[in-house]
Protein chains: 2
Amino acid sequence: MQSFTEENYLKIIYHLSVNNDQAVQTNAIAEKMQTKAASVTDMIKKLADKKLVLYKKYQGVHLTETGKQAAINIVRKHRLWEVFLVEKLNFKWDEVHDIAEELEHINSAELVERLDEFLSFPKNDPHGDPIPDKHGKFDAVPFTRLSKLKTGEKGLIMGVSEHSSAFLKHLEKLGLTLGKTLTLTTITDFDGSVEIIVEDKKISVTREVAKHILIRI
Amino acid sequence: MQSFTEENYLKIIYHLSVNNDQAVQTNAIAEKMQTKAASVTDMIKKLADKKLVLYKKYQGVHLTETGKQAAINIVRKHRLWEVFLVEKLNFKWDEVHDIAEELEHINSAELVERLDEFLSFPKNDPHGDPIPDKHGKFDAVPFTRLSKLKTGEKGLIMGVSEHSSAFLKHLEKLGLTLGKTLTLTTITDFDGSVEIIVEDKKISVTREVAKHILIRI
DNA sequence: TTATTTTTTTAGATTTGTCTAAATATATAG
DNA sequence: CTATATATTTAGACAAATCTAAAAAAATAA
């Protein structure tokens, strides 16, 4: 069993490596963990001793298969709890992250399986992220981004790649929530902002925001 | 905000003082915390610095009003989570304690209130213990014990004063669960065991077990 | 390819909660 | 009321996770 802190390191290393197979750098971990590079080096050594990561000095880290499974399990718990908070306790999608950060460390395999069942085995969390099954498997549904759409193209909002409360509240206010269908009408050359139509309403979205809206065409 | 460990100390001091207004002794805390008296002294000093307990050397501790409210809040969370685990996730009453020990430390007032509402504001946990409301208030329903009943007396099982899994499983097997009505037929002088009738079945219960069955006449 | 910048690691210190062993205070027994 | 036993505290140490400052390695630029 890992400590609370070790689990957070594993999760962060996982998130930093899931989109590219590169070794994860000490500084990148330090930034996400809100700590210093020296502390990260210490912890990495500890995780390497436990065979949860592969580590070569100055070369960054990779998760081992064991480490990866541990990380995925934490992600699974985090996302299941988020579903619980939104579906059962009526929290909004921008309110659940911090609470789930705590709940994800509760240690009981039985609890997770029963929660999963109680929630009817959800496939995605309230932000559209996939929920790994009990074996750590999940489908990586292909997606594009609103910022990559061409004029006239239509798509469905299937997720976000930025999870801050401020960002999610902003989307909510614009009516850009999961499952909504949109059509891109205009791309502004000047600043890259896009005009879209959602539920017959015309909305303008900055390029920065559009980059973080995941679309299934 | 208190640390995980501080919260456990507060909770234990609360449980040790709730049934008698005496100061709580260092050794008693050490036993419940599964630690050494020296460690308890250290922690007590820390809690005293934070004004959560009143402490005089060699004289044990009392909770302050602030400390008591903090402790009651942890108890509230523990018992609400137990209700959730039993009512919603179908755990048995002997399976929930350890998981609730972890869940009770989750820090979100909003979460607790919504959980309370989701569970329809339960008054008691799966072992019959009262759940404090959000202001820390709860009714101390008077009770006696099966071991105190006289021959021929009737009563209703309203709780237990021993929460170990082994004990709860034993009661379950005997059919002695919350809400059951029983009649005491015989008290054995020799060993203090009692014969009772529950749902038309005759059962013999040792004195030690009878002591931990709480009865409302 | 040498110099400079960036990244990472080491060394040594700090904090939290714990421990053992020894010292001190309180309670109990004769 | 003294001796003994029990309970508690102090002193000093340790492990986990962190930090700062300095050293070392790797990457980048001139």
Side-chain angles (χ1 to χ4, degrees), chain A residues 1-17 20-63 67 70-71 74 101-102 104-105 107, chain B residues 1-17 20-63 67 70-71 74 101-102 104-105 107:
Chain A
M1 196 76 314
Q2 290 86 43
S3 75
F4 193 102
T5 309
E6 286 169 346
E7 289 191 350
N8 283 333
Y9 271 91
L10 289 175
K11 185 182 58 169
I12 280 168
I13 295 167
Y14 173 75
H15 284 310
L16 287 170
S17 62
N20 71 56
D21 274 352
Q22 308 287 311
V24 178
Q25 299 188 55
T26 305
N27 265 353
I29 298 170
E31 194 194 327
K32 294 274 182 191
M33 279 294 293
Q34 310 244 66
T35 186
K36 299 298 153 74
S39 310
V40 174
T41 302
D42 289 342
M43 180 54 83
I44 281 172
K45 285 178 183 168
K46 193 175 160 191
L47 294 174
D49 286 346
K50 296 192 176 187
K51 314 256 187 237
L52 294 165
V53 301
L54 294 172
Y55 170 56
K56 270 196 287 188
K57 270 192 199 177
Y58 296 100
Q59 310 297 192
V61 286
H62 282 283
L63 289 175
I74 298 160
E101 286 284 297
E102 295 192 46
E104 73 189 6
H105 299 290
N107 257 318
Chain B
M1 198 77 312
Q2 289 87 42
S3 76
F4 194 102
T5 309
E6 287 169 342
E7 289 191 348
N8 283 333
Y9 271 92
L10 290 175
K11 186 182 57 168
I12 279 169
I13 295 168
Y14 174 75
H15 284 310
L16 287 171
S17 61
N20 70 56
D21 274 354
Q22 308 286 312
V24 178
Q25 296 188 44
T26 306
N27 264 352
I29 299 170
E31 193 193 329
K32 293 276 181 189
M33 280 294 294
Q34 310 244 65
T35 184
K36 298 298 153 74
S39 311
V40 174
T41 301
D42 289 342
M43 179 55 83
I44 281 173
K45 285 179 183 168
K46 194 175 160 191
L47 294 174
D49 286 347
K50 295 192 176 188
K51 314 258 188 237
L52 294 165
V53 300
L54 294 173
Y55 171 56
K56 269 197 287 187
K57 270 191 198 175
Y58 296 100
Q59 310 296 249
V61 285
H62 282 282
L63 289 174
I74 298 160
E101 286 283 296
E102 294 191 46
E104 73 189 7
H105 299 289
N107 258 319

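Every heavy atom of this structure was used, including side-chain atoms; hydrogens, water molecules and symmetry mates were not. Order of the sequence lines sets the chain letters (A, B, ...), proteins ahead of strands, with each chain counted from 1.
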task = Determine, stepwise, if the pair A:Thr41 / A:Tyr55 fulfils side chain to side chain contact (heavy atoms under 4.5 Å, CB included).
result = CA-CA 10 Å; A:Thr41 302; A:Tyr55 170 56; 3.9 Å; yes
Original post:
Is there a side-chain contact between B:Lys50 and B:Glu6, using heavy atoms and a 4.5 Å cut-off?
Top reply: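 In short, these two side chains touch, coming nearer than 4.5 Å.
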**Study point:** Student check: side-chain heavy atoms of A:Glu104 and A:Asn8 closer than 4.5 Å
**Key:**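 A:Glu104 vs A:Asn8: side chains touch.
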- prompt: Hey, which of these two, A:Ala38 or B:Val40, hits DNA chain D nearer its 5' end, going by closest nucleotide?
  reply: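 Checking each residue's closest nucleotide, the 5'-ward one belongs to B:Val40.
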Query - Most 5' of A:Thr35 and B:Ser39 on DNA chain D, judged by nearest nucleotide - result: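 Its nearest nucleotide being more 5', the pick is B:Ser39.
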Rounded to the nearest Å, what distance is computed from the [atom1] atom of residue [X] to the [atom2] atom of nucleotide [N]?
| X | N | atom1 | atom2 | value |
| --- | --- | --- | --- | --- |
| A:Leu47 | D:dA16 | CG | P | 13 Å |
| A:Lys36 | C:dT14 | NZ | P | 17 Å |
| A:Asp49 | D:dA16 | CG | P | 11 Å |
| A:Glu6 | D:dA15 | CD | P | 16 Å |
| B:Lys45 | C:dT18 | NZ | C1' | 14 Å |
| B:Ile44 | D:dA7 | CD1 | P | 15 Å |
| B:Met43 | D:dT8 | CE | P | 17 Å |
| B:Asp42 | C:dT20 | CG | C1' | 12 Å |

Fill in: Candidate pair A:Gln25 and A:Glu31, rule side chain to side chain contact (heavy atoms under 4.5 Å, CB included), full reasoning
CA-CA 10 Å; A:Gln25 299 188 55; A:Glu31 194 194 327; over 6 Å; no
Need one value for [X]: base, sugar-phosphate or nothing, where a base atom within 4.0 Å counts as base even if backbone is also close, heavy atoms only.
| X | value |
| --- | --- |
| B:Phe4 | nothing |
| B:Thr41 | base |
| A:Thr26 | sugar-phosphate |

Please determine whether a side-chain nitrogen or oxygen atom of A:Asn27 lies at a distance below 4.0 Å from atom OP1 or OP2 of C:dT8.
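So the side chain of A:Asn27 is within the cut-off, an N or O lying under 4.0 Å from OP1 or OP2 of C:dT8.
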Contact summary for B:Leu10 and B:Ala71, nearest pair of heavy atoms
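Minimum heavy-atom separation between B:Leu10 and B:Ala71: O-CB, 3.7 Å.
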>> Between B:Ile29 and B:Val61, is the side chain to side chain contact (heavy atoms under 4.5 Å, CB included) condition met? List the steps.
In response: CA-CA 10 Å; B:Ile29 299 170; B:Val61 285; 3.9 Å; yes
Margin query: Among C:dT20, C:dT7, C:dT18, which nucleotide has an atom closest to any side-chain atom of A:Gln25?
Written below: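 That would be C:dT7.
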* Choosing from D:dT10, C:dT7, D:dT18, which nucleotide comes nearest the side chain of A:Tyr9? ->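 The answer is D:dT18, which lies nearest to the side chain.
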(request) For the pair A:Glu102 (side chain) and B:Asn107 (backbone), establish whether a donor and an acceptor sit closer than 3.5 Å, ignoring hydrogens and angles. (result)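 Between the backbone of B:Asn107 and the side chain of A:Glu102 there is a qualifying donor-acceptor contact (under 3.5 Å).
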In residues 53-61 of chain A, which residues come under 4.0 Å of DNA chain C by heavy atom?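 Of all residues in residues 53-61 of chain A, the ones placing a heavy atom under 4.0 Å from DNA chain C are A:Tyr55, A:Lys57, A:Tyr58.
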